[in-house]
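Just so we're clear, the structure is a prediction, and the values are computed from it rather than from any experiment.
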Amino acid sequence: MNAFVKRIAVVMLLFILFQLSLLVPPSFAAGKDTAITVNEWQMRWETNGTNTIQSTDAIDDSWFPIYQGVSDPIKPNGVNAAWIKLEIPSGLEDSPGLLITKAYAESVHVYLNDRDIYHSIRNYRYDVNKILLPLDPSNSNNTVLIKLESKNGRIGIPDAFIFDDYQVLLKNFMQREMIDVILGSSFIFVSIIMFLCAGFVSRNFFVGWNALSVTILSVGTMIVTYSPFLYSFYGNYGKLYYKLFDVAQTVTLPAMILFVRQIFGVGPYSLIKISFRITVSYAVFCLSFMTFNLLTHDKYNSIYFLFSVFLFGIVMIASGVVLVWALVYYCLKKNKEAYILCAGLGIFLVTVSMEILWFYIKETHYELYLWKWGVVCFVISLIVILGKRIAHNYEQVVAYSKKLEMYNNELQRSEKMEIISQLAASVAHEVRNPLQVTRGFLQLLFERSSQEKEKSYLDLSINELDRASAIITDFLTFAKPQTDNNGALDIGEELEKIVGILIPLANLQGGEINLKVERKMFVRGNSSKFKQCIINIIKNSVEALNGEGKIDVIAQIIEDKVHIQVRDNGEGMSANELEKLGEPYFSKKTKGTGLGLMVSFRIIESMQGEIRYSSVKGKGTEVNINFPILKE
């Protein structure tokens, strides 16, 4: 667990360092050899409400100089507009262009030679403008006048003016601003695919899957609609983008909390559940008020702004505190999913905190753009958690399937054994008496016969009847193992007797039996039946040696159980043969019936024991038997 936490901490540290390296946005002026940067211009506040101004008004005393990054004018009270005056430098390219990387205003008009060459009028609060204008080489040394107007926001141009080849500026502009569109569109595409696949998700993950889909969709929508690219090239739909951003922002929080609730539950003191209800109620209220405000043509825009921005921010902070507390609670319980979510949330909070700090250090003249990468990391953490949960569920399904298959096999085996038991009991009782009568008469004939050939036939018949009787005895033992005369068996002592009986048999075939047992290992059972069971198992190992070989018999106490291990280095068995062990009429011997091993299994079962075979073809077989220890 500690290693897991360390890996998360390293990833967070690397990402924070990466964010710090990106804190200064890349420059638009990629063509440094040809670009002309103007860092000084003039400005004046609009006080008379005029919509136009002549370039000949340059002698007006109200103009004052502005130096990029040095002087930041403070807007006087009651002033909602300002004018910017800039002289186009000489030495322009054949197809020059002007790039204004950032202009704060809700409405912008650009005049060249007293002609309006660009205007953008916004009836919503998004005040970041990025303007790219084509010029003519003949415009050198002419004056550009820019009117900025904003009733509720900032007014001014904080960055330098860039003059360069128009195509170069356009290329750099597209490369920089399209990142947000591509990133947000990718999120939207992923969410759509997730929605389409929701019908194939199991019921346990349906709500969490859709909550994550909504979260990814709303985050992607926020990233796209926050991008200045849309407002610069498709400004006619600016109000739609602004409202879509509001809707996505409102929906994101309850969807995210719903996902967390599906993963971690209601949380300590049901805080996650309560937080979800509050955020859903507030989101419904904000969306309803937004609809009402739209129907009244933004008549209550200031009130809507109060609820959708200021109060919503308080609700978001409170929910974030609850979420962090719940995650800390689950982290203390060593929940790995809580660690992952903490890592994603931590990267997001650190990123946002750094940007907000830098935003105020730059005195609000900084465009927030790293937050979206923090959001990406947070969403990735949510996806990882869902993927981990689905993978865990899949592993459980596989494990349950294996258990179900094992239970089915056991059930089939039990049913088969029950049928055989009933058949064995009925056949044994009906057949045994005639066999004994027949054997008795054959024995009389054998004793009275004087012909050797006839006696050999009779002797063969008697032996076969004895073999049939032994088989019937096995049937009876299998059908109803004797449970009477059960007592305390010293496994070490019993195994010594059994091995002592079988050592001569093993030596005759060139093998050896090694015994290693502990003393005072007692189990409950019948001594004769236990001997019959273990002799069958060890005899199988002896016969599998095919000449020289070794059999190890080990008995010891492991976790309150007597563990017996019989291991040989004989011919071994294949996986298919292992599966058939204990089934009726399966035997690797020429004249075997498979009943010996069936009886052994039944005896072990009657003693509350377990038996397990493992084998490798050509390398040997290992039998592991466990009995519950008999406590004094």
>> For F378 and S381: C-alpha separation, side-chain torsions, deciding distance, then whether side-chain contact (heavy atoms from CB on, under 4.5 Å) applies.
In response: CA-CA 5 Å; F378 182 61; S381 70; 3.9 Å; yes

> Which residue pairs satisfy the ring-ring contact (aromatic ring centres under 6.0 Å, His included) criterion with at least one member in residues 238-259, sequence neighbours excluded?
Replying inline: Y124-Y242, Y226-F245, Y231-Y241

> Are I155 and Y104 side-chain neighbours, meaning at least one heavy-atom pair lies under 4.5 Å?
Replying inline: no

> Has K85 got its NZ or CZ under 6.0 Å from the middle of the six-membered ring of W63, at an angle within 45 degrees of the ring axis?
Replying inline: yes

> To the nearest 0.5 Å, how far apart are CG in L287 and NZ in K243?
Replying inline: 11.0 Å

> Where the side chain of R277 meets the backbone of S281, is there a donor-acceptor pair that is under 3.5 Å apart?
Replying inline: no

> Would you say L217 and F195 make side-chain contact, with heavy atoms under 4.5 Å?
Replying inline: yes

> Are any non-hydrogen side-chain atoms of F64 and W45 less than 4.5 angstrom apart?
Replying inline: yes

> Is it the case that more than 12 heavy atoms not belonging to D94 sit under 6.0 Å from its CG atom?
Replying inline: no

> Is any side-chain heavy atom of I88 less than 4.5 Å from a side-chain heavy atom of N141?
Replying inline: no

>> When you compare the side chain of S107 with that of S120, does any pair of heavy atoms fall below 4.5 Å?
In response: no

> Y118 and Y111: side-chain contact (heavy atoms from CB on, under 4.5 Å), yes or no, with the steps?
Replying inline: CA-CA 7 Å; Y118 174 86; Y111 299 93; over 6 Å; no

> What distance do I263 atom CD1 and L212 atom CG have between them, rounded to the nearest 0.5 Å?
Replying inline: 8.5 Å

> Out of S138, P134, S140, which one pairs with D136 under the side chain to side chain contact (heavy atoms under 4.5 Å, CB included) rule?
Replying inline: S138

> Does the pair L99 and D164 meet the rule for a side-chain contact (heavy atoms from CB on, under 4.5 Å), with working shown?
Replying inline: CA-CA 8 Å; L99 176 64; D164 200 353; over 6 Å; no

> Considering all heavy atoms of both residues, which atom of P89 and which atom of I36 are nearest to each other, and what is their separation?
Replying inline: CG-CG2, 3.8 Å

> Considering all heavy atoms of both residues, which atom of S227 and which atom of D180 are nearest to each other, and what is their separation?
Replying inline: CB-CB, 3.6 Å

> Could you go step by step and tell me if D165 and S95 meet the side chain to side chain donor-acceptor pair (under 3.5 Å) rule?
Replying inline: CA-CA 6 Å; D165 183 86; S95 56; 2.9 Å; yes

> Could you state the interatomic distance from CG (L86) to CG (L98), rounded to the nearest 0.5 Å?
Replying inline: 7.0 Å

>> Ignoring hydrogens, what is the shortest heavy-atom contact between L196 and F200? Give both atom names and the distance.
In response: O-CE1, 4.1 Å

> Between the main-chain N or O of N39 and the side-chain N or O of Y67, is there a donor-acceptor pair closer than 3.5 Å?
Replying inline: no

> Considering only heavy atoms from C-beta outward, does the side chain of T37 approach that of F163 to under 4.5 Å?
Replying inline: no

> Just by modelled atom types, is the E337 backbone N or O under 3.5 Å from a matching donor or acceptor in the N335 side chain?
Replying inline: yes

>> Taking A248's backbone N and O only, do any of them form a donor-acceptor pair with T252's side chain (distance below 3.5 Å, no angle check)?
In response: yes

> Okay, side chain of N172, backbone of V168: is any donor-acceptor separation there less than 3.5 Å?
Replying inline: yes

> Would a 4.5 Å heavy-atom cut-off, applied to side chains only, mark Q167 and K171 as touching?
Replying inline: no

>> Quick one: does any side-chain atom of W209 pair with a main-chain N or O of M194 as donor and acceptor, under 3.5 Å?
In response: yes

> Quick one: CZ on R261 to CE on M256, what's the gap to the nearest 0.5 Å?
Replying inline: 14.5 Å

> Taking K130 for the side chain and T101 for the main chain, is one N or O donor matched with an acceptor at less than 3.5 Å?
Replying inline: yes

>> Check whether T225 reaches the backbone of T221 with its side chain - one donor and one acceptor, N or O, closer than 3.5 Å.
In response: yes

>> Between F173 and F233, does the ring-ring contact (aromatic ring centres under 6.0 Å, His included) criterion hold? Intermediate values first, please.
In response: CA-CA 11 Å; F173 183 88; F233 286 91; 5.5 Å; yes

> Does any non-hydrogen side-chain atom of I146 lie less than 4.5 Å from one of I100?
Replying inline: yes

> Taking all non-hydrogen atoms of both residues, which atom of I257 and which atom of S275 are closest, and how far apart?
Replying inline: CD1-OG, 3.4 Å

>> What verdict does the side-chain contact (heavy atoms from CB on, under 4.5 Å) test give for N80 and S150, after you've listed the backbone C-alpha separation in whole Å, the side-chain angles of each residue and the deciding distance to 0.1 Å?
In response: CA-CA 5 Å; N80 296 322; S150 182; over 6 Å; no

> Looking at L327 and C342, what are the two nearest heavy atoms and their distance?
Replying inline: CB-SG, 3.5 Å

> Do Y304 and D246 get their side chains close enough for a donor-acceptor pair, meaning under 3.5 Å?
Replying inline: yes

>> I need the minimum non-hydrogen distance between H109 and H119, along with the two atoms involved.
In response: ND1-CB, 3.3 Å

> With distance as the sole test, does N129 use its side chain to make a donor-acceptor pair with the main-chain N or O of I131 at under 3.5 Å?
Replying inline: no

> Roughly how far apart are L112 CG and D114 CG, rounded to 0.5 Å?
Replying inline: 9.0 Å

> Looking at NZ of K239 and CG of L244, how far apart are the two atoms once the value is rounded to the nearest 0.5 Å?
Replying inline: 12.5 Å

> Going by the angle between their ring planes, with limits at 30° and 60°, are F307 and Y282 parallel, tilted or perpendicular?
Replying inline: tilted

> So, S185 side chain and I182 main chain: donor-acceptor pair closer than 3.5 Å or not?
Replying inline: no

